[in-house]
Number of protein chains: 2
Amino acid sequence: MARGSETRVRILDIAQDAVLAKGFDATSIDEIVAAAEITKSGFFYHFPDKNALALALIERHIEVEDAIFDDLFARARELSDDPLHAFLIGLRLLAEMLADMPNGHPGCIVATAAYQDRQFDRAVRDANRRAVLGWRARFRAMFDEIAARYPPREPVDLDALADMVNTVVEGGIVMSKALGEPGATVDQVLLLRTFVKQLFSPDRPV
Amino acid sequence: MARGSETRVRILDIAQDAVLAKGFDATSIDEIVAAAEITKSGFFYHFPDKNALALALIERHIEVEDAIFDDLFARARELSDDPLHAFLIGLRLLAEMLADMPNGHPGCIVATAAYQDRQFDRAVRDANRRAVLGWRARFRAMFDEIAARYPPREPVDLDALADMVNTVVEGGIVMSKALGEPGATVDQVLLLRTFVKQLFSPDRPV
DNA sequence: GGCGCAACCGTACTGCCGGTACAGGAAACG
DNA sequence: CGTTTCCTGTACCGGCAGTACGGTTGCGCC
């Protein structure tokens with residue numbers, strides 16, 4: 001058990017690095033096998049096929065991301081009791097975290113999967129979908145609390161607003177990759193922060 | 001000349017459909033060759049390798065996107081002389097265009113390339129980068145004009161704001177693919193519209 | 001009218017990659 | 001001691017990108 005799961009984890013670690021660096025297709029099983037110092041048979045003992053590897057990768061990635069969001073917004077909540085302020089602090093912490101990645105965010109596995117849709121089976125697509133819906137629910141709850149205290153200046157769909165957090169991060173990663181500017185994602189998150197701040201700020205007298 | 005470029009265009013058409021539907025890797029040359037009713041030799045006469053196909057696909061795609069943006073915002077400009085209103089109308093037209101695609105936006109080839117970075121050569125990455133910078137310049141010019149008339153409520157980097165148009169579209173596409181909800185992209189564009197509207201609206205008295 | 005070149009065709013081949021098949025072995029566990 | 005877990009080793013298949021290279025067809029040009 002101990003030895004088995006250890007090898008499995010090692011395969012996942014190696015595969016994750018390669019996939020984030022080169023994409024899923026460009027990562028060969030032979031290459032993973034060589035790096036993990038096992039044989040091809042060993043790989044196929046742990047994963048029936050490459051699809052299963054993708055699934056395991058995505059599920060693990062979702063757990064990690066969830067844990068990061070939990071930590072980030074829990075810390076933000078400790079710094080302010082106000083739901084709006086706490087959220088704004090959370091976004092700033094997120095931006096700082098993204099900025100601390102010298103080579104930019106390695107890239108979301110969810111997006112990688114989304115762009116290779118057809119070649120993955122239902123299990124992978126479902127896992128992907130559940131992850132996004134989970135993030136929507138997370139941020140929706142925060143916006144519900146915020147909107148209860150600060151009525152939005154303009155009518156907005158809070159589900160869509162919740163999705164916007166993810167949209168901006170995913171889109172930001174695409175942009176930073178395309179531009180070769182790691183900082184692009186951070187800028188986008190901070191713009192979203194400005195949006196949320198304005199949306200829920202009470203009208204100021206001129 | 002006429003016959004030659006005709007075949008080349010046919011290859012690109014077929015390849016584009018397949019790539020948007022299945023992804024670049026999942027699209028085989030054999031398959032393109034069969035659909036175009038040519039031989040493999042014919043394909044490699046037009047493109048030295050698959051990378052060159054990707055490059056041609058991206059360059060063509062950028063031209064089309066540019067033309068679409070030209071048309072969209074030119075029509076918007078005809079509807080209003082005010083730069084802010086024209087931009088807001090342009091975003092709405094963009095949203096309508098995205099909504100009219102029944103199966104959602106087929107997916108931006110630029111993003112597909114961004115997520116398979118390493119397997120493409122410099123030429124592809126450079127083309128991608130130029131496209132994004134072009135879009136930045138386009139929207140930056142609009143925001144310059146807007147900001148000159150309506151000072152923004154909050155200090156924002158206009159380049160980052162210009163990038164946000166693309167960010168939201170690209171991120172929206174990722175989200176709609178992951179969720180299986182084609183409408184997600186439209187919602188995100190309309191949220192961006194709300195943001196821009198608020199950012200440049202003069203303070204209203206309460 | 002022949003010459004040349006662009007635009008292919010046909011065939012045969014290489015090497016990588018995902019995946020299969022199957023036999024066997026070491027070590028931990030009960 | 002036997003079973004199960006966790007692999008190794010070897011051999012193989014079909015699909016795919018790409019190479020090599022000789023042959024062919026049609027159109028423009030002198």
Side-chain angles (χ1 to χ4, degrees), chain A residues 1-19 21-58 109 112-113 115-124, chain B residues 1-58 109 112-113 116-124:
Chain A
M1 180 67 186
R3 191 165 121 258
S5 72
E6 198 182 285
T7 301
R8 201 186 131 95
V9 168
R10 203 164 75 247
I11 293 173
L12 287 175
D13 287 341
I14 291 165
Q16 182 172 320
D17 286 349
V19 168
K22 305 188 294 187
F24 188 72
D25 289 292
T27 303
S28 75
I29 293 177
D30 283 342
E31 160 194 351
I32 295 168
V33 155
E37 291 178 322
I38 54 171
T39 62
K40 217 170 175 181
S41 311
F43 174 88
F44 283 107
Y45 172 78
H46 287 289
F47 304 98
D49 53 28
K50 220 185 169 187
N51 231 308
L53 175 66
L55 183 57
L57 237 32
I58 284 177
I109 288 196
T112 305
Y115 267 96
Q116 258 121 56
D117 225 24
R118 298 300 171 98
Q119 73 182 285
F120 290 124
D121 56 23
R122 262 186 72 94
V124 174
Chain B
M1 180 67 183
R3 193 165 122 261
S5 73
E6 197 183 286
T7 302
R8 202 187 130 95
V9 168
R10 204 165 74 249
I11 292 173
L12 286 175
D13 286 341
I14 291 165
Q16 182 173 321
D17 285 350
V19 168
L20 289 177
K22 304 188 295 185
F24 187 73
D25 290 290
T27 303
S28 75
I29 293 176
D30 284 341
E31 161 193 352
I32 296 168
V33 155
E37 290 177 325
I38 54 170
T39 62
K40 218 171 175 180
S41 311
F43 176 87
F44 283 107
Y45 173 78
H46 288 288
F47 304 98
D49 52 28
K50 219 183 168 187
N51 231 310
L53 175 67
L55 182 57
L57 237 33
I58 284 177
I109 288 196
T112 305
Q116 260 124 56
D117 227 23
R118 298 299 172 98
Q119 72 182 288
F120 291 124
D121 56 25
R122 262 185 72 95
V124 174

For this session: Verify the contact: side-chain N or O of A/His46 to OP1 or OP2 of D/dC7, cut-off strictly under 4.0 Å; return yes or no.
Result: yes

For this session: Output the distance between atom CD (A/Glu31) and atom NZ (A/Lys22), rounded to the nearest 0.5 Å.
Result: 3.0 Å

For this session: Return each pair, listed once, that meets salt bridge (charged side-chain N to carboxylate O under 4.0 Å, His left out) where at least one residue sits in residues 39-57 of chain B; pairs must be two or more places apart or across chains.
Result: B/Asp30-B/Lys40

Exercise. Any side-chain N or O of B/Thr7 under 4.0 Å from OP1/OP2 of C/dC8?
Worked result: yes

Exercise. Roughly, in whole Å, what's the span from CD1 in B/Ile38 to P in C/dA6?
Worked result: 18 Å

Exercise. Say you draw a straight line from CZ of A/Phe47 to CD1 of A/Ile32; how long is it, rounded to the nearest 0.5 Å?
Worked result: 8.5 Å

Indicate every side-chain donor-acceptor pair of residues 14-21 of chain B with a distance under 3.5 Å to a residue at least two apart or in another chain.
from: B/Gln16; atom 1: OE1; to: B/Arg60; atom 2: NH2; distance (Å): 2.7

For this session: Output all residues satisfying ring pair (Phe, Tyr, Trp, His ring centres under 6.0 Å) with B/Phe44, sequence neighbours left out; order by chain, then residue number.
Result: none

Exercise. Considering residues at least two apart in sequence or located in another chain, which fulfil the side-chain contact (heavy atoms from CB on, under 4.5 Å) criterion with A/Ala123?
Worked result: A/Leu55, A/Asp121

Scan nucleotides 16-21 of chain D against the protein and return all N/O pairs shorter than 3.5 Å with their distances rounded to 0.1 Å.
from: D/dA17; atom 1: OP1; to: B/Ile29; atom 2: N; distance (Å): 3.4
from: D/dA17; atom 1: OP1; to: B/Lys50; atom 2: NZ; distance (Å): 3.1
from: D/dA17; atom 1: OP2; to: B/Ile29; atom 2: N; distance (Å): 2.8
from: D/dA17; atom 1: N7; to: B/Lys40; atom 2: NZ; distance (Å): 3.2
from: D/dG18; atom 1: OP2; to: B/Lys50; atom 2: N; distance (Å): 2.8
from: D/dG18; atom 1: N7; to: B/Lys40; atom 2: NZ; distance (Å): 3.2
from: D/dG18; atom 1: O6; to: B/Lys40; atom 2: NZ; distance (Å): 3.2

Exercise. A/Ile32 CD1 to C/dG18 P: how many Å, rounded?
Worked result: 8 Å

For this session: Indicate whether OP1 or OP2 belonging to C/dA7 is found under 4.0 Å from a side-chain N or O atom of B/Tyr45.
Result: yes

For this session: Nearest 0.5 Å please: distance from the CD1 atom of B/Ile58 over to the CZ atom of B/Phe24.
Result: 8.5 Å

Exercise. Roughly how far, to the nearest 0.5 Å, is the CD1 atom of A/Ile38 from the CD1 atom of A/Ile11?
Worked result: 3.5 Å

Exercise. Just how large is the angle between the end axes of the helix from C/dG1-D/dC30 to C/dG30-D/dC1, five pairs per end, to 10 degrees?
Worked result: 10°

